[in-house]
Number of protein chains: 2
Amino acid sequence: MSRTIPDPLISEAAALIGDPTRAAMLGVLLDGRARTAKELASLAGVAPATASGHIAKMTAAGLVSVASQGRHRYVRLASAEVAEILERLMALAAFARPPRRAVGAEEAAFRHARSCYDHFAGTLSVELAEALVRRDVLRRGPDGFEPTLHGERWFRALGVDVARARASSRAFARCCLDWSERRDHLAGALGAALLEALLAKGHLVRRKDGRTLDVPASGRRFFAEEIDRSPPRSAAAGRPGGEQPAEQQRA
Amino acid sequence: MSRTIPDPLISEAAALIGDPTRAAMLGVLLDGRARTAKELASLAGVAPATASGHIAKMTAAGLVSVASQGRHRYVRLASAEVAEILERLMALAAFARPPRRAVGAEEAAFRHARSCYDHFAGTLSVELAEALVRRDVLRRGPDGFEPTLHGERWFRALGVDVARARASSRAFARCCLDWSERRDHLAGALGAALLEALLAKGHLVRRKDGRTLDVPASGRRFFAEEIDRSPPRSAAAGRPGGEQPAEQQRA
DNA sequence: CCGACGCTTCGGCCGCGGCCGAAGCGTCCC
DNA sequence: GGGACGCTTCGGCCGCGGCCGAAGCGTCGG
């Protein structure tokens, strides 16, 4: 019997992602930053020659894009779509396998606040997005979220250039499903601008390696303020401050 | 340097999907129907022994689930999440590669109306979902769509048991991004019930093989009626980015 | 009870593809 | 110009994993 239309399409990209070395590289790139080929090689634990081959393949398949700059070649994820697929694959694996062991402080922090490609993800980001919807800063629209007029002021007050984000060629304010939370948070150009602003204001701080975002005191104040400003939606919603309350999920 | 947390998680599932034979099987299962191991073997073009091994691996990883029934073992996709990841991978491949050749009638029909796991997808489904939103039958809510009170009547008139869909353990009315359209359509328990009802009423007819859905005369009348009942939204419905030439409106 | 059938397990074959070191090319900086 | 550095290409090694046929187990039906 003839195979139906879609199969070779599916397997191509998946086979690329499926190699552990390439997956490690993509995992690194998930923070949205660009990396040189050598950096990726050492982070993934292979020789530069090997990494080079991987990068070439992933570029051809549209998973990553490369920018030459001097004698360096900077590699980054090709698009937010790629990032989202990677996040979903993580979600799949996390729920298919048993929860293994209790989560450590490292992983708790990672689930709490991290960067996903170029925007803000994790428990805290989901709570923020939901609070913004309750406060009528954001509304759900046909293409994800949409800031209200009142909401545009909120973003501007944070230092986000809403007009520039809207003018961007990419989706303006998509919603992105969080793998650890299974709830939406703000992505797209506006999400990226928001993360940028939160970093600039020092409410979030990137760790040097990895995607985990630390939440310093000023950030804890900020999020507590913004999230609690609206009627609590349920008993469990609170606790934005602590970054390692042994967030044990699922028995 | 130590690899960051997520990599092995990502590559596991992806490696499974990445094998062409397994991808072929998953592609077949994307129509939501359960298949016996032998059927899958012949559809994927391998010996039963080979297929058996693949099925075991995919089951362990939570990609498919198996139900023994007499001497048959029925295989189906494990969840709507898996189906969505597969659809997204297709989208990625379709946009990374050039459109290759002009789309044939086969593929045009496939893009127009097909089943995606257990719900209705394709151009027509996207148009229907958007029309239902315009007519206030559906609204966008925090977890995808939500039927209005008036909308519940609409669904019931079609023979959809809304209360049962809502009681189901799975997500009630998620929105699912269409790979060929890049726009949302109705998924989740309500989406599944809707497809069921449309098939029962004869507005859609499954082809024996593959996921393409044919739209007989009664269905064409139904969709024309339901979609046109609201003001047209704009001249060109699609995003300018991915133009599909000759989206022939099947006869 | 026996044969047909569906499925799985086992053993062995084989090829694809990841890996590296060495060599080559381009860029930068002294 | 020369050397250090980043990256790529090439050749060759090697192991993982997909594939099959044969054999074994369970189920169904006459």
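These numbers come from a predicted model, not from an experiment. We name chains A, B, ... by the order of the sequence lines, and we start the count at 1 in each one.
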Handout entry: Side-chain N or O of Thr36(A) closer than 4.0 Å to phosphate OP1/OP2 of dG6(D)
Key = no
Exercise for the section: Tell me yes or no: between the side chains of Ser218(B) and His203(B), is some donor less than 3.5 Å from an acceptor? Expected result: yes
Exercise for the section: Would you indicate, yes or no, if dT27(C) has its OP1 or OP2 atom less than 4.0 angstrom from a side-chain nitrogen or oxygen of Arg73(A)? Expected result: no
Problem - Ion pair Arg114(A)/Glu87(A), N-O distance below 4.0 Å - result: yes
Exercise for the section: Scan nucleotides 20-30 of chain D nucleotide by nucleotide, 5' to 3', and note B when protein non-hydrogen atoms come under 4.0 Å of the base, S if they reach only the sugar-phosphate, - if neither. Expected result: BB-----BB--
Problem - Short side-chain to backbone donor-acceptor contact, His72(B) and Gln69(B), under 3.5 Å - result: no
Practice task
Calculate the interatomic distance between Arg22(A) atom CZ and dC16(C) atom P; express it in whole Å.
Solution key: 16 Å
Exercise for the section: Please tell me if the side chains of Thr36(B) and Val75(B) come closer than 4.5 Å, counting only heavy atoms from C-beta onward. Expected result: no
Practice task
Give a yes or no on this: more than 12 heavy atoms of other residues, nucleotides or ligands lie within 6.0 Å of atom CZ of Arg76(A).
Solution key: no
Handout entry: Euclidean distance, atom NE2 of residue His54(B) to atom P of dC16(D) [Å, nearest integer]
Key = 18 Å
Problem - Glu12(A) CD - dG17(C) P separation (whole Å) - result: 12 Å
Practice task
Considering only NZ, NE, NH1 and NH2 on the basic side and carboxylate oxygens on the acidic side, decide whether Arg111(B) and Glu106(B) come within less than 4.0 Å.
Solution key: no
Handout entry: Under 3.5 Å side-chain donor-acceptor pair for Ser68(B) and Arg73(B)
Key = yes
Practice task
Specify the separation, in whole Å, of atom CZ of Arg35(A) and atom C1' of dG6(D).
Solution key: 17 Å
Exercise for the section: Provide, to the nearest angstrom, the distance between the CG atom belonging to Leu16(A) and the C1' atom belonging to dG17(C). Expected result: 12 Å
Exercise for the section: Please state whether the phosphate of dG18(D), meaning OP1 or OP2, lies under 4.0 angstrom from any side-chain nitrogen or oxygen of Lys57(B). Expected result: yes
Handout entry: Nucleotide paired to dC19(C) in any strand shown, Watson-Crick or G-U, under 3.5 Å
Key = dG12(D)
Exercise for the section: Assign each of Asp19(A) and His72(B) to its nearest nucleotide of DNA chain C by heavy atoms, then name whichever residue's nucleotide is nearer the 5' end. Expected result: His72(B)
Practice task
May I have the distance from Ile17(B) (atom CD1) to dG18(D) (atom P), rounded to whole angstrom?
Solution key: 14 Å
